[in-house]
Enquirer: 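Take a look at the following structure, please.
As the structure lists them, so they are numbered: ligands from 1, and atoms in each ligand from 1.
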Amino acid sequence: MTRDEARSKIIFALDVDSFNAAKQWVATLAGRVGMFKVGKQLFTAYGPDIVRMIENFGAEVFLDLKYHDIPNTVAMASREAARLKVKLFNLHALGGYEMMARTREMMDREFPAEDRARVLAVTILTSSTEETLRDVGIEHPVAEMVPRLALLAKRAGLDGVVASPREVPLIRQACGDDFLIVTPGVRPSFAATDDQKRIMTPAEAVAAGADYLVIGRPISAAADPQQAVEAIVDEIVDEMN
Ligand code: C5P
């Protein structure tokens, strides 16, 4: 794997609360990481301008808004996300087959296949435990629900899932190779674990089959963030060659 291939797998989580802070991070890391993740906080505060700001640096965006609503509403919101030219966006697989399939149909109808936004499903949030699921009437263990929902997403025509690194083998087994897996919760060997629990290094996650890695604090909290990215790229390249 080349350094640029390794670099293109890194998605930097823009977990900041101001437009200017986001812009500074993009200026610092554009060209060094593959993509920037915009979540609910930044998007609620600044809207599509935050996406355009990132794209003006020539960088790509993962719009992490996790849509979950009636099929028509999610399909229409998804069209707007894709019109912003984001590279990835996501929705909750728990919204059901029709919600996901209608979204995929919208993508196929409105955008050219080669460069349309890719749609990811969130299966079960990693913050959920068996108890969380039982409280809402789901009696199956997390380990059963994750591949089940991933497979449902694949059948509905979605492009992949967001999953913890530990779940990658299970999902690959259920959904095959032609399915994107994006994993947060990775920690390079040099970084603190923070509040992440079931971690792997970025290199281990890529070796296990992850296509993209969402990484925040190991880069943002480093004394030299650009150098932290290069160190992560080194670790991935070493592992894969
Ligand atoms: O700073 P850190 O590398 O832990 O950031 C990881 C990013 O991925 C954060 O934006 C976090 O919200 C997100 N995420 C996560 N675990 C999940 C889903 C999303 O850490 N299961």
Side-chain angles (χ1 to χ4, degrees), residues 7 9-18 21-22 25-26 28-29 32-46 50-51 54 59-68 86-94 119-130 132-133 142-143 145-147 149-150 153 160-168 170-171 180-206 208 210-229 231-233 235-236:
R7 205 179 283 295
K9 293 181 175 295
I10 301 174
I11 303 176
F12 178 67
L14 276 174
D15 292 326
V16 294
D17 57 11
S18 84
W25 278 116
V26 179
T28 303
L29 297 176
R32 291 183 182 265
V33 300
M35 224 180 290
F36 292 89
K37 180 171 85 69
V38 172
K40 286 191 172 92
Q41 184 184 6
L42 267 188
F43 197 81
T44 301
Y46 303 106
I50 199 89
V51 172
I54 297 167
E60 290 181 319
V61 176
F62 169 16
L63 191 61
D64 179 20
L65 298 180
K66 301 188 181 72
Y67 299 133
H68 186 169
V86 304
K87 169 108 173 171
L88 299 172
F89 70 91
N90 55 5
L91 37 77
H92 276 283
L94 283 169
V119 193
L120 305 175
V122 173
T123 58
I124 298 292
L125 291 170
T126 47
S127 52
S128 294
T129 63
E130 318 276 293
T132 320
L133 296 189
V142 175
M145 290 303 292
V146 168
L149 290 168
V161 285
V162 183
S164 96
R166 304 270 161 195
E167 293 161 348
V168 173
L170 216 58
I171 292 167
L180 296 173
I181 305 181
V182 178
T183 60
V186 292
R187 285 293 175 268
S189 53
F190 60 82
T193 55
D194 304 304
D195 53 357
Q196 297 286 8
K197 295 198 176 69
R198 291 171 295 141
I199 50 169
M200 277 193 194
T201 68
E204 285 166 345
V206 171
D211 297 288
Y212 294 99
L213 313 163
V214 176
I215 309 180
R217 288 162 293 180
I219 296 170
S220 64
D224 182 342
Q226 292 181 336
Q227 196 221 314
V229 171
I232 294 168
V233 170
E235 286 188 15
I236 297 171

Enquirer: Determine the interplanar angle of the F12 and F36 rings, folded into 0 to 90°, and report it as parallel if under 30°, tilted if 30 to 60°, perpendicular if over 60°.
Expert: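 Ring orientation, 0 to 90° scale: perpendicular.
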Enquirer: Heavy atoms only: give me the nearest I199-R166 pair and the separation to one decimal.
Expert: O-NH2, 2.7 Å
Enquirer: Go through the structure and list residues passing side-chain hydrogen bond (donor to acceptor under 3.5 Å, both in side chains) with T193, not counting sequence neighbours.
Expert: none
Enquirer: Only counting residues at least two apart or in another chain, list the ones meeting side-chain hydrogen bond (donor to acceptor under 3.5 Å, both in side chains) with S189.
Expert: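 S189 satisfies side-chain hydrogen bond (donor to acceptor under 3.5 Å, both in side chains) with E235 once adjacent residues are dropped.
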Enquirer: Can you pull out every side-chain hydrogen bond (donor to acceptor under 3.5 Å, both in side chains) where at least one residue sits in residues 36-45? Sequence neighbours excluded, please.
Expert: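 Those involving residues 36-45 are K37-D64.
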Enquirer: Anything under 3.5 Å between an N or O on ligand 1 and a protein N or O? List each pair with its distance, or write none.
Expert:
{"residue": "ligand 1", "atom": "1 (O)", "partner": "R217", "partner atom": "N", "Å": "2.7"}
{"residue": "ligand 1", "atom": "1 (O)", "partner": "R217", "partner atom": "NE", "Å": "2.8"}
{"residue": "ligand 1", "atom": "3 (O)", "partner": "R187", "partner atom": "NH1", "Å": "3.0"}
{"residue": "ligand 1", "atom": "3 (O)", "partner": "G216", "partner atom": "N", "Å": "2.8"}
{"residue": "ligand 1", "atom": "4 (O)", "partner": "R187", "partner atom": "NH2", "Å": "2.7"}
{"residue": "ligand 1", "atom": "4 (O)", "partner": "Q196", "partner atom": "NE2", "Å": "2.8"}
{"residue": "ligand 1", "atom": "4 (O)", "partner": "R217", "partner atom": "NH2", "Å": "2.8"}
{"residue": "ligand 1", "atom": "10 (O)", "partner": "D15", "partner atom": "OD1", "Å": "3.3"}
{"residue": "ligand 1", "atom": "10 (O)", "partner": "D15", "partner atom": "OD2", "Å": "2.7"}
{"residue": "ligand 1", "atom": "10 (O)", "partner": "K37", "partner atom": "NZ", "Å": "3.1"}
{"residue": "ligand 1", "atom": "20 (O)", "partner": "Q196", "partner atom": "NE2", "Å": "2.8"}
{"residue": "ligand 1", "atom": "21 (N)", "partner": "T126", "partner atom": "OG1", "Å": "2.3"}

Enquirer: Salt bridge (Lys or Arg N to Asp or Glu O under 4.0 Å), that's the test. Do D15 and R217 meet it? Break it down for me.
Expert: CA-CA 9 Å; D15 292 326; R217 288 162 293 180; over 6 Å; no
